[in-house]
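No hydrogens, no waters, no symmetry mates; every other heavy atom, side chains included, goes into these values. This chain uses plain numbering: 1 for the first residue, then up along the sequence.
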Amino acid sequence: MRYLLVALLIIVFGYALALVLQNGTELSVDLLFTQVPAMRLGLLLLLTLCLGIIAGLLLGVQVFRVFQRNWEIKRLRQDIEHLRKEQIHTAQLAAAEAAASARHEKTVLDINPESQNRTPL
């Protein structure tokens, strides 16, 4: 991956250098806040290319954050649903165990009715 990035940077640098060298025509440029009386066309193209890349990266980062948050929300909702099902299953097991215990106590009391009539005194 690192070599691919270095190769890509070399290609972009070479392209930028070719733009500046091939487009040597000078022209005046109004840059909103100031006016440049003479700027090479290749340098202007390079400047606009860099501004476009920076704007695209910033926009891409913001869009990726939105997608990342949506993915995280979806994952958390799935976790909540899984935990809810697990909690319901645990509650059902506890209820079944309590019902079985109550039946066992009732059966034991039914088998030994004379132990209920005796008093410790």
Side-chain angles (χ1 to χ4, degrees):
M1 183 68 180
R2 181 178 291 162
Y3 296 116
L4 182 65
L5 184 60
V6 169
L8 185 63
L9 287 174
I10 290 172
I11 290 171
V12 169
F13 178 75
Y15 179 71
L17 185 62
L19 275 177
V20 172
L21 293 176
Q22 291 292 325
N23 297 298
T25 308
E26 291 190 4
L27 53 110
S28 64
V29 178
D30 185 13
L31 297 173
L32 293 177
F33 302 111
T34 186
Q35 186 166 356
V36 179
M39 179 183 262
R40 293 182 76 169
L41 181 59
L43 188 58
L44 179 64
L45 287 172
L46 184 62
L47 189 82
T48 56
L49 178 68
C50 288
L51 288 174
I53 289 172
I54 290 170
L57 286 174
L58 291 175
L59 183 64
V61 165
Q62 291 301 321
V63 168
F64 181 71
R65 282 185 187 166
V66 169
F67 284 134
Q68 189 177 19
R69 286 182 183 147
N70 286 341
W71 293 332
E72 183 70 14
I73 289 170
K74 184 178 178 182
R75 186 188 64 79
L76 290 173
R77 284 184 178 157
Q78 288 174 348
D79 286 350
I80 288 171
E81 189 61 33
H82 174 73
L83 290 172
R84 203 176 273 154
K85 287 179 182 178
E86 187 177 305
Q87 189 177 24
I88 289 171
H89 180 68
T90 304
Q92 287 173 345
L93 286 177
E97 187 176 314
S101 176
R103 276 192 303 245
H104 177 71
E105 287 177 8
K106 184 177 179 184
T107 305
V108 168
L109 291 176
D110 289 345
I111 291 174
N112 299 326
E114 64 275 350
S115 63
Q116 291 176 351
N117 294 337
R118 284 194 234 161
T119 60
L121 298 175

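- Crowding of Q78 atom CD: a count of heavy atoms from other residues, nucleotides or ligands under 6.0 Å exceeding 12.
- Linking Ile, Leu, Val, Met, Phe, Trp and Tyr residues whenever their side-chain heavy atoms come within less than 4.5 Å leaves L47 and L45 in two separate clusters.
- Partners of E26 under the side-chain contact (heavy atoms from CB on, under 4.5 Å) rule, at least two apart in sequence or in another chain, are A38, R40.
- Residue pairs that meet the side-chain hydrogen bond (donor to acceptor under 3.5 Å, both in side chains) test with at least one member in residues 56-77, sequence neighbours left out, are E72-R75, R75-D79.
- Interatomic distance, CG of L46 versus CG of N23, reported as 11.0 Å (0.5 Å rounding).
- Taken from CG in L5 to CD1 in I10, the straight-line distance is 10.0 Å, to the nearest 0.5 Å.
- Pairs of residues two or more places apart, or lying in two chains, that qualify as salt bridge (Lys or Arg N to Asp or Glu O under 4.0 Å) and include a residue from residues 83-94 are E81-R84.
- The minimum heavy-atom distance linking L27 with V29 is given by the pair CD1-CG2, 3.7 Å.
- With sequence neighbours left out, V36 forms a side-chain contact (heavy atoms from CB on, under 4.5 Å) with L31, M39.
- Counting Ile, Leu, Val, Met, Phe, Trp and Tyr side chains that sit under 4.5 Å apart, directly or through other members, I54 shares a hydrophobic cluster with L58.
- Distance CD1/I88 to CG/L93: 12.0 Å, rounded to 0.5 Å.
- In the hydrophobic clustering, where aliphatic and aromatic side chains (Ile, Leu, Val, Met, Phe, Trp, Tyr) are joined below 4.5 Å either directly or transitively, L17 groups with L21.
- When atom types are taken as modelled, the side chain of T48 and the backbone of L44 share a donor-acceptor pair closer than 3.5 angstrom.
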